[in-house]
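Presented below is the structure to which this report refers.
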Amino acid sequence: MPEPVRVTGGKHAGPAERPYDLVLTDVRAVTPAGVIHGGVAVRDGVLLRFLSAEERPRAARTVDGGGRYLLPGLIDSHVHFRTPGLTYKEDWEHGSRAAAAGGVTTVIDMPNTLPPLLDPADAARKAAMVQGRSLVDYRFHLGVAGDDPSPLLDATPREATSVKVFLAGHHTAPTVVRDPASLTRIFGYARESGLRVVLHAEDDGVFELLDSWTGAPGRYLDYERVRPRSGAIVAVAKVLELVRRHGTAVHVLHVSTAEEADLLAAAAHAGLPVTFEVTPHHLSFTAADSARIGARARLSPAIRHERDQRRLWEAVLAGQAATIGSDHAPHTREEKLRPVADAPPGLPGVQEMLPAVFTGMRRHAPWQSPGTHLELIARLLAANPADLFGIDGRKGRLLPGRDADFVLFDADTPWMVTGAAMHSKCGWSAYEGWTMAGQVRLTVRRGQIIYDADAPGTFGPPDGRWLDAARPATPAHPTRGAVR
Ligand code: DOR
Ligand code: ZN
């Protein structure tokens, strides 16, 4: 006789008696609808449902969140993990451990490697190099060469939804686009392929002109003076003109000056498909710190002045900036100790990003609550990058049915950054000696615990996946609600 069909109650009960894989209780979940006190239940890598504060369903593993905040796993849409060719600086084993320890569960990697990723046909090969080495899920930005942008026409969302264009380079950018005709072509092709153009917007012509006048800079101690704000402002003005002409969606990276923030916010307000990123470095340091810390705090574009930093914070707190990206760009200690003009620009940051941004928010807007700050972080560091790069179907928000990517964040326990606690292969941090206002306790990627602050030195399985994506919608102005 056949077994009677068992009727199970409630749409979430699923196969009724099968316990959940993972349950987190007593968390303050930072959801798109606000902060909710309760728990989350996970099965097969997916957030199945929220739990009330009292519920304790059966689970293979239950973690007491201790009343801490639970954020969506962060998406860092700006990392340089250096594969292939530059793995002496960083590799996916180390970079993804740094990411996990920083609450990041998805990264989008930059193409300026050796060789650079210029052809969508090579994306699968790069993914094969990363497979089995990454704790976190990943995607790639394509690169482009000015003399032959035609591979962009073959791009589909499987390989990339974005193309990174360097308008200036210094040590680290193999394919700088200097020629206006090439740039025009790239904007046209990107629009045709539905690729968002992500930009290093500094104008090489401006730097060349200044160098031809004063002689190439011999010393970079006063870095901002030899790679000045005019380079960034001129580049952004040119980019806006191209956007106006072609309608191509752009995301301007590492905005460093007040003027850029003004221009980009105004352009977005005027309806152009323009968004921008700021980095934790530009939010955390000023030119005075650069002089003190030296090449370790140097990146391209330069860290600027207090008034710029104030404007960048305003852009973050007012929702004008769409994303914060770490621009995790490690170089070895030896490289950074070279004579100042030869030390390459770039610093690690994927591990430091969440605590640094949270600490900055507490300092720059102390009248707002920690919950408000973490809601903003969930937008800038998860929901918005997911939307901009087409992975919002699975990532970026704490919602039932989405991937169970979480970070459990302790907003009450300060700690001090040391080089020894950093997981990047480069082994140093520009934030050494900083006291951070909050810390990552646990990171979960598709239901697996990949980082646990209580189990130092152990990490989850390196089975991060190369994610698929959908073609993202063209954003309207973030403060108008289209990018949220
Ligand atoms: O400072 C920087 N470092 N700026 C860049 O544009 C590239 C990056 C790197 O790859 O090191
Ligand atoms: Zn970068």
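Start at 1 and go down the list; that is how both ligands and their atoms are numbered.
Asp327 contributes atom OD1 as its closest N/O/S atom to the Zn ion (ligand 2). Per residue His78, closest N, O or S atom to the Zn ion (ligand 2): atom name NE2. The N, O or S atom of His80 with the smallest distance to the Zn ion (ligand 2) is NE2.
If you check which protein heavy atom lies closest to atom 11 (O) of ligand 1, you get Arg82 NH2, 2.8 Å. Residue, atom and distance of the protein heavy atom nearest to atom 4 (N) of ligand 1 are Ser300 O, 2.9 Å. Nearest to atom 3 (N) of ligand 1 among the protein's heavy atoms is Pro345 O, 3.0 Å.
Using a cutoff of 4.0 Å between basic side-chain nitrogens and carboxylate oxygens, Arg307 and Glu259 are scored as salt-bridged. Ion pairing of Asp211 with Arg227 is present here, as a side-chain N (NZ or NE/NH1/NH2) and a carboxylate O approach within less than 4.0 Å. Here Arg397 pairs with Asp387 in a salt bridge; the nearest charged N to carboxylate O distance falls below 4.0 Å. Ion pairing between Arg311 and Asp308 fails under the 4.0 Å rule for side-chain N and carboxylate O. Between Lys425 and Glu90 no salt bridge is recorded (no basic side-chain N to carboxylate O distance below 4.0 Å). Electrostatic pairing of Arg394 and Asp137 does not count as a salt bridge here, judged by no charged N lying under 4.0 Å from a carboxylate O. Using a 4.0 Å cut-off between charged side-chain N and carboxylate O, Glu241 and Arg244 make a salt bridge. Ion pair Asp463/Arg445 flagged as a salt bridge, since at least one NZ, NE, NH1 or NH2 atom sits closer than 4.0 Å to an Asp/Glu carboxylate oxygen. Between Asp468 and Arg158, at least one side-chain N (NZ, or NE/NH1/NH2) sits under 4.0 Å from a carboxylate O, which counts as a salt bridge.
If you check each of Thr172, Leu253, Val176, Asp327 against atom 7 (C) of ligand 1, the one with the closest non-hydrogen atom is Thr172.
Residue-ligand proximity, His331 to ligand 1, at heavy-atom distances under 4.0 Å covers atoms 11 (O). When each atom of ligand 1 is checked for a heavy atom of Ala329 under 4.0 Å away, the hits are 3 (N), 8 (C), 9 (C), 11 (O). Those atoms of ligand 1 with a heavy atom of Leu299 less than 4.0 angstrom away are 1 (O). Residue Phe166 has at least one heavy-atom neighbour below 4.0 Å for each of these atoms of ligand 1: 6 (O).
Distances from the Zn ion (ligand 2) show that His254 has no N/O/S atom below 2.8 Å.
Counting heavy atoms closer than 4.0 Å to ligand 1, residue Leu347 contributes nothing at all.
In terms of polar-atom proximity, defined here as any N/O pair under 3.5 Å, His200 does make such a contact with ligand 1. Looking at ligand 1, you won't find any N or O of Lys164 less than 3.5 Å from one of its N or O atoms.
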Verdict with reasoning, Phe81 to Phe140, per ring pair (Phe, Tyr, Trp, His ring centres under 6.0 Å): CA-CA 11 Å; Phe81 278 1; Phe140 310 129; over 10 Å; no
